[in-house]
Amino acid sequence: MNIIKLRNYREISFEAAKIIRDQVLLKPQSVIGFATGSTPIGTYEELINIFNKDLITFENVKSFNLDEYYGINPMNKNSYNYFMKNNLFNYIDIKEENINIPNGLAEDVEKECEEYERKIHEAGGIDLQLLGIGRNGHIGFNEPCEEFKAHTHLVELKDDTIKANSRFFDSLEDVPTKAISMGVKTIMSARKIILIASGEEKAEIIRETVYGSITPNLPASILQLHDDVTLIVDEESGKYI
Ligand code: GLP
């Protein structure tokens, strides 16, 4: 694992955006995997700045998001669909038809998951996947459990995740209890992965991700087996590594 330790959130956002910029410059038709949560917001702001300076175009980029809440309308302000539009897609020139986010309203979830995998495959696989990390070590919505789930699947969210994510909702009861998420193999099949983390509350989970045993109880630990992972941390989240 390639570890980049920087001073603060601004610097990690800048660094992650730079890696995405370079990927798109090198291969304009890149397939990029995007993440949600508060951590990537700075990265997206920086990407928008880069785009506004005419340094990059997303015209030929295809995107696949890691996950989406299940049972939530894409227009709902807490959907990841809404998040991506408002934090990135509305401000760059990515084509609507090239944006892929699991459909949280799919009636046939199994079919939706299979189709999502097929679309990734047909796009040629993910060139660069951006990841955040949950407080319990989840990546996408792959929650700690007894066995790694390989492909895109429906997840039952853990109580600690529901609680952590409730800060975006009006009340705890409003947080969906399920989500559709890329699986661990889907994520690990990306050619390049960037994991970003910020703040003291991520310090212990980052230490375990880097030095702990590889276990589905800490899904991010599987990243130790990937050939091209760059972990970008600030001083606080990186204090034990
Ligand atoms: C959600 C997302 C994850 C994200 C995590 C951490 O649960 N499904 O992809 O990594 O939140 O979020 P934050 O960056 O807000 O700590």
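In this text the structure is predicted, and so the values were computed from the model without any measurement. Read the numbers this way: they start at 1 and go in the same order the structure lists the ligands and their atoms.
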### Query
Under 3.5 Å, is there a donor-acceptor pair between the E45 and S13 side chains?
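No, no side-chain donor-acceptor pair sits under 3.5 Å.
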### Query
So, K85 versus N81: side-chain donor-acceptor pair below 3.5 Å or not?
yes
What is the nearest protein non-hydrogen atom to [atom], stated with its residue, atom name and distance?
| atom | result |
| --- | --- |
| atom 8 (N) of ligand 1 | D67 OD2, 2.8 Å |
| atom 16 (O) of ligand 1 | K202 NZ, 2.7 Å |
| atom 11 (O) of ligand 1 | H138 NE2, 4.0 Å |
| atom 2 (C) of ligand 1 | Y80 OH, 3.7 Å |

### Query
Just wondering, do N8 and F14 contact through their side chains at under 4.5 Å, heavy atoms?
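Side chain of F14 against side chain of N8, heavy atoms only: no contact under 4.5 Å found.
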Any N/O pair [X]/ligand 1 closer than 3.5 Å:
| X | value |
| --- | --- |
| I133 | yes |
| L66 | no |
| N165 | yes |

### Query
So among T230, I4, T39, which one has a side-chain contact (heavy atoms from CB on, under 4.5 Å) with I196?
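With I196 as partner, side-chain contact (heavy atoms from CB on, under 4.5 Å) holds for just one option, T39.
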With heavy-atom distances below 4.0 Å as the criterion, list the atoms of ligand 1 near [X].
| X | value |
| --- | --- |
| G37 | 12 (O), 14 (O), 15 (O) |
| R135 | 16 (O) |
| T36 | 4 (C) |
| G132 | 10 (O) |
| F141 | 7 (O), 8 (N) |
| T39 | 13 (P), 14 (O), 16 (O) |

#### Entry: Flag, side chain of T36 to backbone of Y80, donor-acceptor distance under 3.5 Å
no
### Task
Kindly say whether F58 contributes a backbone atom to a donor-acceptor pair with the side chain of D93 at under 3.5 angstrom?
yes
### Query
Taking the six-membered ring for Trp, are the ring centroids of Y116 and F64 within less than 6.0 Å of each other?
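Yes, the ring centres sit under 6.0 Å apart.
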### Query
Salt bridge between R118 and E114, side-chain N to carboxylate O under 4.0 Å?
no
### Message
If the threshold is 4.0 Å, N to carboxylate O, is there a salt bridge linking K5 and E15?
### Response
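Salt bridge flag = no for E15 with K5.
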### Task
Quick one: sort the F141 and Y69 rings into parallel, tilted or perpendicular, breaks at 30° and 60°.
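Answer is tilted, since the angle falls between 30° and 60°.
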### Task
Have a look at G140, S38, S237 and point out the one with the heavy atom closest to atom 3 (C) of ligand 1.
G140
### Summary
Under 4.0 Å between heavy atoms, the region of F83 that gets near ligand 1 turns out to be neither
### Query
Does R167 approach ligand 1 within less than 4.0 angstrom via side chain, backbone, both or neither, non-hydrogen atoms only?
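Only the side chain of R167 comes within reach of ligand 1.
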